[in-house]
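Just so you know, these numbers come straight off a predicted model, no measurement behind them. Numbers here are sequence positions counted from 1.
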Amino acid sequence: EITLHFSGPIKPETFTTDDISLTGDSVPTIESIISVTESTYKLQLSAPLTSGDYTLTVGPQIENIDSLLMDQNKNQTQAEADDHYQIAFTVDAHVPSSPVVNTLLPAPDTNLHNQNTITLTGEREDNTHIVINGIEQVVMGSGAWTINDYALTEGDNVLDIIAYDAAGNASPNVQINIDVDTKAPVIEQVLPTGLTNSIPAVFTIEYTENGSGIDLYTSTLSLKQQGLGIAVNSGIVENVISLTPETALNDGDYELSVQLQDKHSNSTTMKNYTLSIDTQAPAAPLIQSPPSSTQIKQLTLTGSKEADAVLFLNGNAIVSGPATVWNYTLSLNSGNNILNFTQTDQAGNISPVNTIEVIFDDVAPGAVTPEVDVNTTGTELSINWQSYDELSNGADIQGYRVYYSTTQFISTLAVNPVASLSNTQKAYQFNNLTRGTSYYIAVVAFDSSNNALQSVTPIMITTSDQQAPVLSANFT
C-alpha cells in the first residue's frame with residue numbers, strides 16, 4: 001500500500017483510481033482507495049512492489065472541501081497540466097548479507113576476553129552501516145569496518161551485529177558471545193611452609209577467583225628439592241588446590257613455585273615458597289657436673305644445647321637463642337629437687353629428658369661467734385661478727401638476733417632478744433651496763449625461711465673500767 005497526505009481535507013468523491021498513475025517495473029494495479037482521515041488516504045495495491053524504479057502521479061482533478069482543484073505549482077490557476085503531484089522513488093527489497101566479524105566465533109560459541117574493551121573488525125556489503133545492540137557503530141559505507149575500544153562489562157556480553165542498507169533493510173543478525181574476566185586470581189595461603197617436624201602428604205593452595213576459574217594446565221605448580229623436580233598430582237575443590245607428591249618426602253629443604261592462571265589468561269605473579277622438613281629430635285641437653293646436694297638455696301647450672309633450640313626446665317622455657325652454651329640460676333626448694341631438662345628445636349622436635357636431682361639441705365645457719373671490744377668504760381660494751389661467712393652458712397641470711405643475760409643460758413627460748421638486725425648489720429653496742437657485773441651474750445643468725453639455732457653457747461663478759469684516767473689541767 002501507499003499512503004498519501006494532502007495539505008488539507010478533500011472531497012473523497014473527487015478522488016478515484018482514475019486520478020492516480022503508477023508506472024515502473026512490475027506495476028501492480030491500484031485496487032482501492034481507503035480514507036484514513038479527511039486529508040490522508042491509503043492506496044491498496046494488488047501486489048507488493050518489487051525492487052525497481054517507480055513514478056507516482058496524482059491529480060490534478062481533485063477538489064478540496066472548498067471545491068478548489070489542485071494548484072500544485074501554486075500560480076493561482078487550478079487544474080493546469082503541471083498541477084498534478086508527481087514523485088519518483090526506488091523500491092529496494094534486497095536484504096543485505098550478514099556482516100563478517102573477524103577473529104571472533106559466532107554463537108553458540110563463547111569468546112573469552114580479559115579486558116573491558118575490545119577492537120572489532122570485519123567486512124560488510126557495500127552501502128551499509130553497522131549497528132550493534134540497536135546502536136549505530138559504523139556509518140554508511142563499503143568494505144572493511146573497524147570499531148575501536150568497544151566497551152564490555154565484566155561477565156557475559158551478547159553482541160547482536162546487523163548491517164542496514166540505505167533503504168533500511170536489515171541483514172540477518174550475527175550474535176557474538178563474549179565472556180569477560182579482567183581480574184587475576186589471588187593466592188591467599190600456601191600450606192605447609194617454613195619449618196615443620198612432620199612430613200606432609202599434601203600441599204594446599206587457597207586462592208580467590210571470582211571470574212572464569214583456575215586453569216590448572218596453564219598454571220605453574222612446581223615442587224623441587226635441590227633443583228630436582230618432584231612429580232605431584234593436582235586437584236581443585238572449593239577454591240583450594242591440592243598438590244600430592246607421588247613419592248613420600250624426606251627430611252630436607254623444598255621449594256614450591258606457584259603461578260595461578262585463570263581461563264581468561266589472567267595470572268598471579270610467580271611466588272616461591274620454602275619448606276624445611278626436620279623430623280629428628282635433638283639430643284637431651286647436657287648439664288655440667290650438677291651437685292647432688294647443696295646448702296645454698298640458689299643453684300647455678302651450666303650446660304650445652306642445640307643452636308636455636310629452646311631449653312625447658314620442668315616444662316617451662318628458660319633459655320633460648322643461637323648460643324649452644326647456657327647457664328641458669330634457680331631457687332631450690334627444701335629437700336629433694338627433681339629437675340627435668342629438655343630442649344625443643346626450631347622444627348618443634350622435643351629431645352629426651354635429662355633428669356637431675358639436687359637435695360637442698362635447708363638447715364639453720366651456723367653459730368655466730370662475736371668479737372668483744374674490751375676497751376670500754378665498764379658501762380658499755382661493743383661486739384661485732386664481721387668475719388661471719390654467710391655464703392658457707394646457706395647464702396640466704398636474713399638477719400641476726402642479739403641475746404644477753406646476767407645469768408647463764410643455753411637456749412634462745414630462755415631469753416628474749418634485745419635486738420633483731422638486718423643481714424647488713426654485723427655489730428651491736430650495749431649501753432647502761434653495771435661495772436663489775438658478768439653478762440652472757442649470744443648472737444644467732446636466721447635465714448630467709450626463719451631457720452635459726454636454738455641451742456647457743458654464750459660468751460661471758462665481766463664489765464670493768466678498762467680505760468686509764470686522764471689528768472686534768474685544773475689542779476693546785
Thr407 side chain to Ser405 side chain, donor-acceptor N/O pair below 3.5 angstrom: yes
Distance-only donor-acceptor pairs under 3.5 Å for side chains of residues 436-443, two or more places apart:
{"residue": "Thr437", "atom": "OG1", "partner": "Thr434", "partner atom": "O", "Å": "3.2"}
{"residue": "Ser438", "atom": "OG", "partner": "Thr462", "partner atom": "OG1", "Å": "2.7"}
{"residue": "Tyr439", "atom": "OH", "partner": "Thr434", "partner atom": "N", "Å": "3.0"}

Stepwise side chain to side chain contact (heavy atoms under 4.5 Å, CB included) check, Thr196 with Leu275: CA-CA 8 Å; Thr196 181; Leu275 173 68; 3.6 Å; yes
Under 3.5 Å donor-acceptor, Ser98 side chain and Pro172 backbone: yes
Modelled atom types, side-chain donor and acceptor of Asn327 and Thr302, under 3.5 Å: no
Donor-acceptor under 3.5 Å (Trp145 side chain, Val138 main chain): no
Spatial distance of atom CG (Leu112) from atom CD1 (Ile178) [nearest 0.5 Å]: 10.0 Å
Among Ser242, Pro192, Ser234, the one residue meeting side chain to side chain contact (heavy atoms under 4.5 Å, CB included) with Phe203: Pro192
Thr208-Glu188 side chain donor-acceptor pair, cut-off 3.5 Å: yes
Heavy-atom side-chain contact between Ile161 and Ile176 under 4.5 Å: yes
Donor-acceptor pair between Ser51 and Asp92 side chains, under 3.5 angstrom: no
Donor-acceptor under 3.5 Å (Thr40 side chain, Thr37 main chain): no
Asp215 and Ser219 side chains, donor-acceptor separation under 3.5 Å: no
Leu313 and Leu339, any side-chain heavy atoms less than 4.5 Å apart: yes
Minimal non-hydrogen separation, Tyr403 against Val444, with atom names: CE1-CG2, 3.9 Å
Short side-chain to backbone donor-acceptor contact, Asn423 and Ile397, under 3.5 Å: yes
With sequence neighbours excluded, residues passing side chain to side chain contact (heavy atoms under 4.5 Å, CB included) with Ser267: Gln259, Gln261
Test side-chain hydrogen bond (donor to acceptor under 3.5 Å, both in side chains) applied to Thr424 and Ser422, step by step: CA-CA 5 Å; Thr424 61; Ser422 70; 2.9 Å; yes
Check: Asn337 side chain, Val358 main-chain N or O, donor-acceptor pair, under 3.5 Å: yes
Backbone of Leu104 reached by a side-chain donor or acceptor of Asn111 within 3.5 Å: no
From CD1 (Ile236) to CD1 (Ile241), nearest 0.5 Å: 4.5 Å
Distance (rounded to the nearest 0.5 Å) between Glu255 CD and Gln225 CD: 12.0 Å
Validation row, ring centre Phe341 to ring centre Phe312 under 6.0 Å: no
Heavy-atom donor-acceptor pair, Lys305 side chain to Ala323 backbone, under 3.5 Å: yes
N/O donor-acceptor pair under 3.5 Å between Arg401 side chain and Pro417 backbone: no
Donor + acceptor pair across side chains of Gln398, Asp447 (<3.5 Å): no
Pair Asp160, Asn173: side-chain N/O donor-acceptor within cut-off below 3.5 Å: yes
Shortest non-hydrogen contact between Gln425 and Trp385, atoms and distance: O-CZ2, 3.5 Å
Pairwise distance CD1(Ile162) to CD1(Ile130) - rounded to 0.5 angstrom: 10.0 Å
Distance-only donor-acceptor check, side chains Thr329 and Thr300, under 3.5 Å: yes
Derivation of the salt bridge (charged side-chain N to carboxylate O under 4.0 Å, His left out) call for Lys426 and Glu371: CA-CA 11 Å; Lys426 292 186 177 182; Glu371 296 178 2; over 6 Å; no
Criterion side-chain hydrogen bond (donor to acceptor under 3.5 Å, both in side chains) on Glu125 and Asn127, from CA distance to verdict: CA-CA 7 Å; Glu125 189 174 295; Asn127 300 314; over 6 Å; no
Side-chain H-bond candidate by donor/acceptor type, Thr182 with Glu154, under 3.5 Å: yes
Atom pair CG/OG1 of Leu286 and Thr324 - distance to nearest 0.5 Å: 10.5 Å
Chi angles and distances behind the side-chain hydrogen bond (donor to acceptor under 3.5 Å, both in side chains) call for Asn177, Gln175: CA-CA 7 Å; Asn177 297 329; Gln175 180 176 316; 3.0 Å; yes
Mutual orientation of the aromatic rings belonging to Tyr388 and Tyr400 [parallel < 30°, tilted 30-60°, perpendicular > 60°]: perpendicular
Residues Asn272 and Ser257: side-chain donor-acceptor under 3.5 angstrom: yes
Backbone of Ser351 reached by a side-chain donor or acceptor of Asn349 within 3.5 Å: no
Trace of the side chain to side chain contact (heavy atoms under 4.5 Å, CB included) decision for Thr379 with Thr463: CA-CA 7 Å; Thr379 61; Thr463 58; over 6 Å; no
Check: Thr279/Asn197 side-chain N/O donor and acceptor closer than 3.5 Å: no
Intermediate values then yes/no, side-chain hydrogen bond (donor to acceptor under 3.5 Å, both in side chains), Asp165 and Thr128: CA-CA 4 Å; Asp165 62 16; Thr128 59; over 6 Å; no
CA sep, side-chain torsions, deciding dist, call: Asp373, Gln429, side chain to side chain contact (heavy atoms under 4.5 Å, CB included): CA-CA 10 Å; Asp373 182 6; Gln429 179 170 312; over 6 Å; no
Between Gln343 and Asp345, a side-chain donor and acceptor under 3.5 Å: no
Residue from Asn250, Leu249, Asp253, Leu195 passing side chain to side chain contact (heavy atoms under 4.5 Å, CB included) with Ile277: Leu249
Asn393 CG to Asn451 CG distance, which is reported to the nearest 0.5 Å: 12.5 Å
